[in-house]
Amino acid sequence: MIAIIDYGMGNLRSVQKGFEKVGFEAVVTADPKMVLEADKVVLPGVGAFRDCMHNLEHGGFVEPLLKVIGEGRPFLGICLGLQLLFTESEEFGLHQGLGVIPGRVVRFPEGMIENNEKLAVPHMGWNQISFHNRAPVFAGIEEGANVYFVHSFYVKPEDESVVATTTTYGIDFCSAIWKDNIVATQFHPEKSQQIGLKILKNFGEMK
Ligand SMILES: NC(=O)CC[C@H](N)C(=O)O
């Protein structure tokens with residue numbers, strides 16, 4: 001069973017519907033015990049890093065999450081669910097994350113220019129992914145595929161070998177990571193139409 005963690009801050013229903021559309025039942029759960037029983041875990045996230053970490057801690061999810069990740073069960077992080085894997089985030093001060101992937105979450109620089117236009121932050125809309133490491137979850141996805149973003153911060157892994165894709169928005173930033181059983185995307189597969197559904201389907205098929 002795929003468990004989608006409900007810690008009060010995610011677009012859970014659209015993630016669950018995405019899995020259903022590609023034939024996988026996913027359970028939205030606020031019960032940490034369900035995470036421990038899941039075959040695969042999905043950590044979505046919309047909102048501020050510090051609030052999410054607070055909710056994860058108070059919901060009793062931190063230990064179960066670290067356990068299932070450590071045991072090698074497939075894990076998919078989405079947006080904030082990617083950022084929370086990191087050591088710390090600079091969003092609204094400096095806040096500790098789960099520390100699964102060493103590195104920092106930082107804000108896009110001010111005043112980015114692309115094609116003579118000032119780029120707004122948050123980065124909101126469709127943009128392309130360029131592959132660096134072909135995680136199985138990206139099977140059948142073309143170089144330059146369009147996916148949907150809504151974020152002001154991005155992750156900077158200390159070990160760049162975990163970078164699965166990058167995207168250009170004023171700067172080239174890490175838009176997905178892959179390390180062993182862990183895959184996490186800055187973009188929203190559940191908002192990325194057919195490409196996103198293919199990613200969810202590939203995740204559902206992971207062993
Ligand atoms: N959509 C979001 O919740 C974005 C996550 C994070 N607050 C960021 O701005 O990067």
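For this chain, numbers begin at 1 and follow the sequence in order. Nothing here was measured: the structure is a model prediction, and the numbers come from that model. We count ligands from 1, going down the list as the structure has it; atoms in each ligand are counted the same way.
If you look at Phe153 and Phe108, their ring centroids are not closer than 6.0 Å.
Grouping the Ile, Leu, Val, Met, Phe, Trp and Tyr side chains by contacts below 4.5 angstrom, directly or via other members, places Leu85 apart from Val42.
A salt bridge does not link Lys33 to Glu37: none of the charged nitrogens lies less than 4.0 Å from a carboxylate oxygen. Ion pairing of Glu71 with Lys67 is present here, as a side-chain N (NZ or NE/NH1/NH2) and a carboxylate O approach within less than 4.0 Å.
Around ligand 1 you find Val46, Gly47, Cys79, Leu80, Gln83, Glu91, Val150, His151, Ser152, Phe153, each with a heavy-atom distance below 4.0 Å.
Residue pairs meeting the side-chain hydrogen bond (donor to acceptor under 3.5 Å, both in side chains) criterion with at least one member in residues 93-116, sequence neighbours excluded, are Glu88-Gln96, Glu88-Arg104, Glu90-Arg104, Arg107-Glu110.
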For this session: I would like to know whether Tyr154 and Leu82 meet side-chain contact (heavy atoms from CB on, under 4.5 Å); could you show each step before the answer?
Result: CA-CA 9 Å; Tyr154 63 92; Leu82 160 68; over 6 Å; no
